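Note that the structure is a prediction, hence the values are computed from the model and not measured. Naming: A, B, ... by sequence-line order, numbering from 1 per chain.
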Amino acid sequence: MYSEKVMEHFSNPRNVGEIEDADGVGRVGSPSCGDTMDIYIKVKDGIIADVKFRTFGCAAAIASSSMMTEMAKGKTIEEVLEITRDDVADELGGLPEAKMHCSNLASDAIRAAIEDYLEKQSHKKDNSR
Amino acid sequence: MKRIYMDHSATTPTDPLVVEAMLPYFTEKFGNASSLHFFGQEAAEALEQSRKQVAYLIGARPEEIIFTSGGTESDNLAIKGIAYQNSGKGKHIITSVIEHPAVLNTCAHLEKDGFEVTYVPVDSDGILDVAELENAIRDDTILITVMHANNEIGTIQPITEISKISKEKGIYFHTDAVQSVGKIPVDVNELGVDLLSISSHKIHGPKGVGALYIKKGTLIQAIAHGGEHEARLRAGTENIPGIVGFAKATTLAKERLAVDSKHLTELRDLLIKKVLDSIGHSYLNGHPTKRLPNNANLRFSFIEGEAMLLSLDMKGIAVSTASACSSRSLEPSHVLKAIGLRPEDAHGSLRFSLGKDNTREEVDYVVESLAEVVRKLRDMSPLV
């Protein structure tokens, strides 16, 4: 059912955990629909310096989170925002049709984290005025 | 790597004695039971002998057994057969909310065809509310169909209580006994049912064969039309090798019932106790005692069933989950919903269904592995 890549990321997920002093946090999904993803980012000079996740969900959701974090790490915010929902699934060697929403969730989660970061940044600017 | 199978409610390995009994009917005894010549008569004899064996398992008469392609077809034949035969009397059917899809979707099909269906709820243990069922009965009710034991949570339904009511009111009563046969005593007279579905591959018989018990004097309409097979109720050349294998499986099941059921109950209780003792935030779904000897449906907070299933699979352990994530529809299990579980709890449930060849050592290994899997997934979960 799943590609080797999905099973590999599911068995050995990268970047699991949370970042205590994260610059941005994104939570998407809800436990009732079966998936919840938290993504934490640390941003340095416009680059995703560190990223961690916690996910409640199926193997596809966990593998998508793991893959997303790998894809985002070291990239600029602009580059990460260009990652599409399909890109995560493609990098995983494809996902079953019914599981495509899992990869969508992962890209939504990192977007949410970046938005959170950008919002905090604008507050900081506001305050410094 | 060890390979441990704990998914016997999905299917069972065919017993080698069953395979042995079937083999001649593929080759030298290949006849069509409808043929008048020697080859045909040999097959016809095997067919009638098999009918006796299957009837004996459930306390029926041979002429009350119709062979089908399995549990799903038996349910279809029973429900549609009674519905179409009695649509002149009424078009109301009563069932439960936790039936197998073979029953629920057959009822849904009849609803499109002008029948009305009442779905009776169950309590938090998964036991049908008999008073609610009695209240649901109307003048135009023609059929009650309630499963003997549930396929997901293993709860055993009060079939004799329901059959008393159905007899009093003169309403036909069908039960799907696919999961209960071979695990607990199933006797059509004691249960008091008019129709009962059974399946071969759940009791170490081959796939693709089953039977419907139809109490003598109960008229039903055929749903497949063709030759005059199976008392004109099920057209199509009989699957003799399958039927012979099924019959052998019923004979073995009858012989082994007392021993198997004791062994399964011990293993089940050991598994449940060890899991609940050693894994925090774990719970048993379904009734603690009114359940199949081989069923343990357990749920684990904060994590999802498919992830657990695949992690166990990598450790050589085969179980099943009704998590939405494992289904195409992404809908949580209708059974777990019906017993009042929140969606996130339904997502975190696993079904362990034991078989006669499982051992205590396997249970130990499964619980150890499960504890590891749960720990690893909880470390990843944002809900903990």
(Q) Looking at B/Lys207, I'd like to know if its NZ atom is crowded, meaning that more than 12 non-hydrogen atoms belonging to other residues, nucleotides or ligands lie closer than 6.0 Å. (A)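 Count over threshold, so yes.
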Q. Got more than 12 heavy atoms from elsewhere within 6.0 Å of NZ, B/Lys337?
A.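 12 or below, so no.
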Q. Can you tell me how far the OG atom of B/Ser311 sits from the CE atom of A/Met7, to the nearest 0.5 Å?
A.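 Reported value, rounded in 0.5 Å steps: 7.5 Å.
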Q: Nearest 0.5 Å please: distance from the OG1 atom of A/Thr55 over to the CD atom of B/Glu304.
A: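 Rounded to the nearest 0.5 Å, the OG1-CD separation comes to 11.5 Å.
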Q: For residues A/Phe56 and B/Phe302, report the shortest heavy-atom separation together with the two atoms involved.
A: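 Residues A/Phe56 and B/Phe302, closest heavy atoms: CD1-O, 3.0 Å.
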Q: Considering non-hydrogen atoms only, spot the tightest contact between B/Glu306 and A/Ala59 and give its length.
A: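 Taking B/Glu306 first and A/Ala59 second, the nearest heavy atoms are OE1-N, 3.0 Å.
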(Q) Less than 4.5 Å to any heavy atom of chain A: does that hold for the side chain of B/Asp379, its backbone, both, or neither? (A)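 The backbone, not the side chain.
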Q. Under a 4.5 Å heavy-atom cut-off, does chain A meet the side chain of B/Met314, its backbone, both or neither?
A.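 The side chain, not the backbone.
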Q | Top contributor to chain A contacts, counting heavy-atom pairs under 4.5 Å, from B/Ala307, B/Ser381, B/Gly305, B/Pro382 | A |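 Counting heavy-atom pairs under 4.5 Å, the top option is B/Pro382.
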(Q) Using heavy-atom distances under 4.5 Å, tell me whether A/Ser11 contacts chain B through its side chain, its backbone, both, or neither. (A)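 Looking at A/Ser11, backbone and side chain both touch chain B.
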Q | Contacting region of A/Pro96 [heavy-atom separation from chain B under 4.5 Å] | A |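 No part of it gets close to chain B.
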